[in-house]
Number of protein chains: 2
Amino acid sequence: MTTRSVELLRVVHAHPGVTRADAARRLGIGTGAATELVSRLAQAHLLAEAPAAPSGARGRPTTVLVPHPDGPLVVAAEITHEGWRLDVVELGGATLTSVSGTHTDTSWPSVVATVNAATDALYKTYPGRLRAMGVSVPGTVSRTLRLDATNLGWHDVDLTELWPSTVFVAGNDASLAAAAESARGAATGARLALHLRIEGGLGGAAVDQGRLLIGASGYSGEFGHMPFGDPGISCPCGARGCWGTAVDGTALARHLGHPAPHDPVSYARRVIASAVASRHGVLVAESLAAADGGSVGGAESGEWQAVCTVAAALGRGIAGLVNGLDADLVTLGGVGVDLLAAAEAEIQAAYRAGLMAIRRDDPPPILPAALGADGPIAGAGEEAWSSLIPHLA
Amino acid sequence: MTTRSVELLRVVHAHPGVTRADAARRLGIGTGAATELVSRLAQAHLLAEAPAAPSGARGRPTTVLVPHPDGPLVVAAEITHEGWRLDVVELGGATLTSVSGTHTDTSWPSVVATVNAATDALYKTYPGRLRAMGVSVPGTVSRTLRLDATNLGWHDVDLTELWPSTVFVAGNDASLAAAAESARGAATGARLALHLRIEGGLGGAAVDQGRLLIGASGYSGEFGHMPFGDPGISCPCGARGCWGTAVDGTALARHLGHPAPHDPVSYARRVIASAVASRHGVLVAESLAAADGGSVGGAESGEWQAVCTVAAALGRGIAGLVNGLDADLVTLGGVGVDLLAAAEAEIQAAYRAGLMAIRRDDPPPILPAALGADGPIAGAGEEAWSSLIPHLA
DNA sequence: CTTCTTTTACTCGATGCTAGAGCTTATTCT
DNA sequence: AGAATAAGCTCTAGCATCGAGTAAAAGAAG
């Protein structure tokens, strides 16, 4: 209803369990106004007050602001190649219920029917409380909420079929993971956070002071199609030299002379794990010196080589993005986490070499995503709450 | 003071000469509230009402909202390698006075002294009315308003010396030109506008729904240091393969086997003009067919070749940025305007080839900057007004 | 030329938000 | 137990906003 209510709800959502006095300070209002505001929002079943844990400090104890037990909820949905998942998320980001399933039939009408049935069941569990939905999908989402996911054969399908009501947001999985990392993950507090997610390709997004950069048509964050790669390699997107073709599972396969893997994600994980294992073998062998004359297997060191090449391509591209966008933090998701764990030194070396000299003194850190596989659905919940809050009272 | 006042001032600034009724509609308030608001702002010497030109439509004629004749003003400043300029800008963006000069001494203290003297003179002309300053500089500006401009030998100098008061903003020339194009130039109304400016190097910025993306440390828009170029070429920035090294005057010189030019901007303009002229010669010669057997001079066709190579590098990089950032409009400034005029077909061909297939149906247009050389100072004025408005009343 | 329609401006009271001051309450420290 | 501290509560004056009703100024229609 009023600006202050919206601001207060935002503060409580961003910092669930904030004390009332602290919230008032953040809003820059007096305690009188805070009393009024909180009691109004409590009456509207949006907030509840709970006694605070003893702080140990002096002074009259304050209460903490928590979501109302009968308050509004959002449904965060994630649709992947393999299946679907729905989380019921309350103000503050906590998940109350989670249901999931795998696709029996990946045709769009079938998926819609399955998800709608699951949503109906949740409606019955939380009567009248589900007020918005956010959905993460493995493809590009236009501003008009139409989805293209080529590998699933979905072309220009209407996402609003998933949720009849008005407050509905949808986004690409990598973009939403970026939003989640920024709101509750490793990128909390960053001014310009960059999230990169390697799965079938390379996606991601930039988050500027908490605001997800959505781009003009909703297709933002296709960093995988910036030409940081080898111009000789053509990408399924139609361009050449795309960065994505240099860092995903198909890149590893190409370096190893393998055919393009059917499932690049698990292929990449396997290769990376095997490369790390064989490298340990090499190190052990080297440390054992000439104890025995046997040479290390060629395939294994080839795998390590391929991983290093990919890691260098990743680091170099990150440097380019950091130069251009002036990020202060980079988080990696998907296979990027494995790569970072396996070959951090190689990524860092290429990253630092690609940075402008003025940034080298204090290079923005590259961190693994804190939310792991839950990033996209958490981001869906965040974005749903962000759009819902202004509609509440 | 109040939210509505700020909104109204913003509307009037963005659309000077808007009618009162129209402004009320944009703010979503009734005519009663508009009367109140406007009279309050008029009393505060922020707005004035003028009779509207006869619209020809029915109804009681409304008044137009214009800046108050005694209202606040901002100083827009531009400092270049060669000199300085100060514009006094009123609400709505009109320039009342412009003074400029060339550097006699490019040491920072000397420049500060010169600019301060000019500012003092303006203070006397507009007593009590100059309330903010925005300044455009040819270098990187940190969030703490410190400037690095290597070619001028300025390192970590304090920009706030230029303006003692609180409301002071500063920015890189290319970033501010981007802001200006978005506010009043060719990119008005774009959702995500990208501005690229080729001068000594390649700079620019993205503007998301009117908001200039400033980045984490203020160094955003260094797109020239994204590795779209030849990895064999090292950039003064310390990295290799920077895009900037493939599109500026030094790139042309390299392709032509010339030494690096002292002034890459005028060198580039000369080469491009000459290439265009010689190409016309070639075309004329070709159309004259075998009228005479003399061959066209090698140097000239070499120049056209070099221009084409650079144009292709520019187009390819733009495609990468559009893919990654999802821009819906690209504007070119500086030498980019000349390149676009000379070799639009070559830029467009490389651009389209580099776009993802899903964007090729409707590629975001590439346009020359509408504000020309006034872009940076206009952007300085825009940013100064943007920060000043919330402080007014 | 007169009257009607359309659009906008003005007036005035009701409402509700907000800041601020002063007071009360609950806790810890000494 | 009393002082110090931090926070909540209450009340009031002020002001912004909204809505409804009325007045004004122009073009259109007869």
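The sequence lines fix the lettering, A, B, ..., with proteins before strands; numbering per chain opens at 1.
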Does a salt bridge link E7(A) with R4(A), judged by any charged N lying under 4.0 Å from a carboxylate O?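 Answer for the salt bridge query: yes.
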R211(B)/D208(A) ion pair, N-O < 4.0 Å: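 D208(A) and R211(B): salt-bridged.
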Describe, in one word, how the ring planes of W385(A) and H13(A) are oriented to each other, choosing from parallel (under 30°), tilted (30 to 60°) and perpendicular (over 60°).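 Because their plane-to-plane angle lies in the 30° to 60° range, the rings of W385(A) and H13(A) count as tilted.
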Compare the minimum distances between each of [options] and the side chain of [X], then state the nucleotide with the smallest one.
X: T63(B); options: dA9(C), dT18(C), dT8(C); answer: dA9(C)
X: R40(A); options: dT17(D), dA28(D), dT18(C); answer: dT18(C)
X: R58(B); options: dT8(C), dC18(D), dT5(C); answer: dT5(C)
X: R4(A); options: dA19(C), dC18(D), dA9(C); answer: dA19(C)
X: P61(A); options: dT17(D), dA26(C), dA7(D); answer: dA26(C)

Sort me out a list of protein N/O and nucleotides 21-23 of chain D N/O pairs below 3.5 Å, or just none if empty.
none

For the pair W163(B) (side chain) and G134(B) (backbone), establish whether a donor and an acceptor sit closer than 3.5 Å, ignoring hydrogens and angles.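 It does not hold such a pair.
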Atom [atom1] of [X] and atom [atom2] of [N]: how far apart are they, to the nearest Å?
X: L65(A); N: dA7(D); atom1: CG; atom2: P; answer: 13 Å
X: E36(A); N: dG16(C); atom1: CD; atom2: P; answer: 11 Å
X: Q43(A); N: dG16(C); atom1: CD; atom2: P; answer: 13 Å
X: I29(A); N: dA7(D); atom1: CD1; atom2: C1'; answer: 14 Å

Distance below 4.0 Å between T35(A) side-chain N/O and dC9(D) OP1 or OP2: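 Yes, T35(A) has a side-chain N/O under 4.0 Å of OP1/OP2 on dC9(D).
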For a quick test of your reading: what N or O donor-acceptor pairs under 3.5 Å do the side chains of residues 20-34 of chain A make, sequence neighbours left out?
residue : atom : partner : partner atom : Å
R20(A)  : NH1  : E49(A)  : OE1          : 3.2
R26(A)  : NH1  : H15(A)  : NE2          : 3.3

side-chain contact (heavy atoms from CB on, under 4.5 Å) with [X]: which residues, sequence neighbours excluded?
X: T144(A); value: S142(A), R146(A)
X: I214(A); value: R143(A), L212(A)
X: A170(B); value: V135(B), V141(B), L145(B), L159(B), F168(B)

CA sep, side-chain torsions, deciding dist, call: L47(A), L91(A), side chain to side chain contact (heavy atoms under 4.5 Å, CB included): CA-CA 9 Å; L47(A) 289 183; L91(A) 186 74; 3.7 Å; yes
Interface with DNA chain D, restricted to residues 12-23 of chain A and to heavy atoms under 4.0 Å: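 Under 4.0 Å from DNA chain D: R20(A), A21(A).
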